[in-house]
Amino acid sequence: MERYLIDLLHCSLPINQLKQIQALIIIKYLSLTPLFIRRLLNASFIQYARQVFDQIPHPDQGVHCSFITAYSRLSLNNEALRTFVSMHQNNVRIVCFTIPPIFKSCASLLAIDVGKQVHSLVIRYGFHSSVFCQNALINFYAKINDLGSAELIFDGILVKDTIAYNCLISAYSRSGEVLAARELFDKMRDRSIVSWNAMISCYAQNGDYHKGWIIFQRMQDEMCEPNEITLATVLSICAKLGDLEMGLRIKKLNDNKNLGSNMIVSTAMLEMYVKCGAVDDGRLVFDHMARRDVVTWSAMIAGYAQNGRSNEALELFENMKSAQIKPNDVTLVSVLSACAQLGSVETGERIGSYVESRGLISNVYVASALLGMYSKCGNIIKARQIFDKLPQRDNVTWNSMIMGLAINGFAEDAIALYNRMKEIEVKPNNITFVGLMTACTHAGHVELGLEFFRSMRSDHNISPNIEHFACIVDLFCRSGRLIDAYEFICRMEVEPNVVIWGTLLSASRIHLNVELAELAGKKLLELEPDNSGNYVILSNIYASAGRWQEALKVRKLMKDKRVQKAAAYSWVEVEDRVHKFLVGDTSHPRSDEVYSTIDGLALLSTWVGYELDFEIEA
DNA sequence: TTAGGGTTAG
């Protein structure tokens with residue numbers, strides 16, 4: 001009977017049958033309890049296993065060990081440590097196998113002191129010469145960023161196995177010591193798949209994507225078959241490089257190997273697609289996945305938000321909630337960014353309150369996205385209140401606030417904030433200067449804007465990029481200095497893009513400079529022959545100057561090239577419903593009220609100095 | 001021992 005029970009315990013059984021077996025064990029075969037507990041732990045019935053464990057008067061080392069391993073594996077790290085401490089206090093002999101999971105839990109909890117105490121215990125017990133403990137120690141010190149101690153342990157190992165090398169490579173990788181990792185990798189005689197994966201991941205994590213790809217190719221040349229972990233890592237490299245062709249090669253490899261549908265590989269694949277701009281392909285991967293966790297959902301939501309498809313991002317966020325997946329800080333960052341892009345005040349505020357109530361504001365990513373959302377939705381007071389009480393700020397948070405003030409017309413406050421940023425020695429970066437120049441543009445401070453532009457290179461050693469050039473063009477344009485803007489464009493060290501010509505074109509239209517408008521318009525037609533807006537604006541400019549023939553010629557050109565004019569929608573969000581409007585649209589049930597509100601707003605705008613601009617429609 | 005998601009920019 002006992003033999004039969006043991007066999008049964010090795011089968012996969014539902015909890016009800018396990019409970020029947022337990023009854024038998026209690027009555028007749030008490031000695032089988034440890035085996036029974038292990039069976040429960042393997043089947044992840046951890047709470048039930050604990051109830052059984054707590055009934056045992058003197059649990060042996062084996063059962064303790066099983067609990068520690070199970071707790072650590074399930075990231076129940078505090079439980080793992082508590083069990084270890086009780087084992088120690090109850091004089092149950094510590095066994096070598098308990099040590100690696102304990103170090104893992106200490107590292108996850110960043111319980112540095114506890115980990116070091118366990119280290120002395122390891123020495124006292126004489127486990128320090130066990131390869132299991134040595135490798136666990138290297139990992140522990142690596143994870144708490146004590147690379148020196150990790151190296152010391154490694155150097156002290158007499159016969160170093162592959163795992164020890166792998167552990168130190170990943171320690172170097174975590175500390176950004178790419179060259180040291182590579183040196184160690186090159187020294188290895190027997191590389192396992194983990195060694196290859198660790199080296200690829202080292203390059204990927206430290207931004208050297210091409211080198212990561214080269215190691216991946218060498219791995220295949222040396223007949224080491226990539227596994228799922230390799231593919232997930234390499235897919236993330238393709239995503240970072242935005243290289244769809246490379247990504248599709250990995251997809252093919254994954255299909256050929258029939259590796260099945262690992263959730264992490266699928267999420268990496270989804271990510272690869274969306275980062276390469278193939279959002280719909282990413283969505284197909286998402287839809288075909290058998291299991292999706294919070295990372296998968298967040299990756300897809302971010303994919304939409306980053307590709308300007310914010311409506312779909314918010315829609316998917318609703319689906320995520322319906323699927324009972326709890327959003328985390330990463331999810332909320334993308335959702336806030338989507339709200340900001342759409343100007344969805346109500347949804348944004350709801351997420352904002354949720355973020356504050358969950359205390360997620362201490363995460364700088366969340367904080368920056370939240371500030372951006374409030375600023376773009378026009379609630380600069382709320383944005384500033386949040387900024388002032390933030391527990392942690394990095395340069396992105398500062399930039400987000402500076403930009404918020406800038407776009408809302410508070411140039412002086414933006415500049416004052418920049419001065420404070422410098423006082424407390426937060427380093428400004430290229431985006432800070434975009435914010436400062438935007439502030440100057442909106443307030444008409446041309447000379448100050450130019451001063452910031454000069455200062456970024458001379459005082460901060462930051463080379464201006466196309467965004468900064470665009471800011472200067474905008475700075476001149478908005479103050480009506482079109483010739484200065486044009487001369488600046490001609491002197492620029494980079495090729496002007498559509499943003500720059502577009503800025504000059506709309507300014508020329510406002511200031512009725514047909515000559516410059518014509519020039520900018522023609523450049524735009526060359527750069528973006530499929531954008532209907534450029535044809536319409538250029539044609540309108542000719543028309544407003546009375547050059548009707550040329551206006552018609554542009555219209556004809558547009559027709560000949562079969563450029564489609566995309567319908568321009570406006571939308572207003574009222575109590576969670578988005579109302580969409582086309583030009584001249586009277587289909588809304590409250591259309592009369594809508595139009596009379598628009599007329600009222602137009603009147604109000606003219607009172608405060610805005611000049612209405614009625615376009616000739618295409 | 002190796003693997004996937006995030007913020008600021010006209």
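For clarity, every value in this text was computed on a predicted model and none was experimentally measured. Chain letters run A, B, ... following the sequence lines, proteins first, then strands; residues in each count from 1.
- Under 4.0 angstrom from either OP1 or OP2 of B/dG6 there lies at least one side-chain N or O belonging to A/K275.
- When the side-chain nitrogen and oxygen atoms of A/Q306 are compared with OP1 and OP2 of B/dG5, none of them lie within a distance under 4.0 Å.
- At a cut-off of 3.5 angstrom, counting only N and O atoms as typed in the model, there is no donor on one side facing an acceptor on the other between the side-chain of A/N227 and the base of B/dA3.
- Around the CD atom of A/E183, the shell of radius 6.0 Å holds no more than 12 heavy atoms that belong to other residues, nucleotides or ligands.
- In this structure, A/M219 places its CE atom 13 Å from P of B/dA3, rounding to the nearest Å.
- Using a 4.0 Å heavy-atom criterion, one finds that A/Q134 contacts no nucleic acid atom at all.
- Annotation: A/F154 is in aromatic contact with A/Y165 [ring centroid separation under 6.0 Å].
- Between the CE atom of A/M373 and the P atom of B/dA9 there is a distance of 13 Å, given to the nearest Å.
- A close approach under 4.0 Å does occur between a side-chain nitrogen or oxygen of A/S337 and OP1 or OP2 of B/dT8.
- Ring centroids of A/H119 and A/Y141 are separated by less than 6.0 Å, placing the two rings close together.
- Between A/S201 and B/dA3 there is a side-chain N or O to OP1 or OP2 distance below 4.0 Å.
- Put simply, OH on A/Y172 is 18 Å from P on B/dT1, counting in whole angstrom units.
- Looking at the side chain of A/E228, the nearest of the listed nucleotides B/dG5, B/dA3, B/dG4 is B/dA3.
- The side chain of A/V330 lies closest to B/dG6 when the candidates are B/dT1, B/dG6, B/dG4.
- Heavy atoms of A/D293 sit under 4.0 angstrom from at least one base atom.
- Atom CG in A/N206 sits roughly 12 Å away from atom P in B/dA3 (whole-Å rounding).
- The interatomic distance linking A/I431 (CD1) with B/dA9 (P) rounds to 8 Å, in whole Å.
- For the pair A/R174 and B/dT2, the criterion of a side-chain N or O lying under 4.0 Å from OP1 or OP2 is met.
- Inter-residue side-chain proximity for A/N429 and A/N399 is flagged as met; some heavy-atom pair is nearer than 4.5 Å.
- Checking B/dT8, B/dG6, B/dA3 against the side-chain heavy atoms of A/I229 singles out B/dA3 as nearest.
- Rounded to whole Å, atom P of B/dT8 lies 15 Å from atom CG of A/L390.
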Requested in this report: Check the pair A/E315, A/R283 against salt bridge (charged side-chain N to carboxylate O under 4.0 Å, His left out), reporting the backbone distance first and the verdict last.
Outcome: CA-CA 13 Å; A/E315 224 169 85; A/R283 180 60 193 255; over 6 Å; no
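- Contacts of A/T296 with the nucleic acid, taken as non-hydrogen atoms under 4.0 Å apart, include base atoms.
- Closest to the side chain of A/V194, out of B/dG6, B/dT8, B/dT1, is B/dT1.
- Shown here for A/L316 and A/W297, the closest heavy-atom pair between the two residues is O-CZ3, 3.7 Å.
- Note: CD1 (A/I193) to C1' (B/dA3) measures 11 Å, nearest angstrom.
- Comparing B/dT7, B/dA9, B/dT1 by their nearest atom to the side chain of A/K104 picks out B/dT1.
- The stretch residues 189-201 of chain A participates, sequence neighbours left out, in these side-chain hydrogen bond (donor to acceptor under 3.5 Å, both in side chains) pairs: A/N166-A/S192, A/N166-A/S195, A/S192-A/S195, A/N197-A/N227, A/N197-A/T230, A/S201-A/Q205.
- Closest to the side chain of A/N197, from the set B/dT2, B/dT7, B/dT8, is B/dT2.
- Side-chain atoms of A/N328 and base atoms of B/dG5 include a donor and an acceptor less than 3.5 Å apart.
- Nearest to the side chain of A/I163, among B/dA3, B/dT1, B/dG4, sits B/dT1.
- Going from atom OH of A/Y165 over to atom C1' of B/dT1 covers 15 Å, rounded to whole Å.
- For A/H442 and A/F410, the gap between ring centers reaches or exceeds 6.0 Å.
- For residues 492-511 of chain A, the set of pairs meeting the ring pair (Phe, Tyr, Trp, His ring centres under 6.0 Å) definition, not counting sequence neighbours, is empty.
- Contact check of residues 464-478 of chain A against DNA chain B (heavy atom, cut-off under 4.0 Å) returns A/E467, A/D474.
- Closest to the side chain of A/V434, out of B/dT8, B/dT1, B/dA9, is B/dA9.
- Among the heavy atoms of the strands, none lies under 4.0 Å from A/N430.
- A/T331 contributes no side-chain N or O that forms a donor-acceptor pair with the base of B/dG6 under 3.5 Å.
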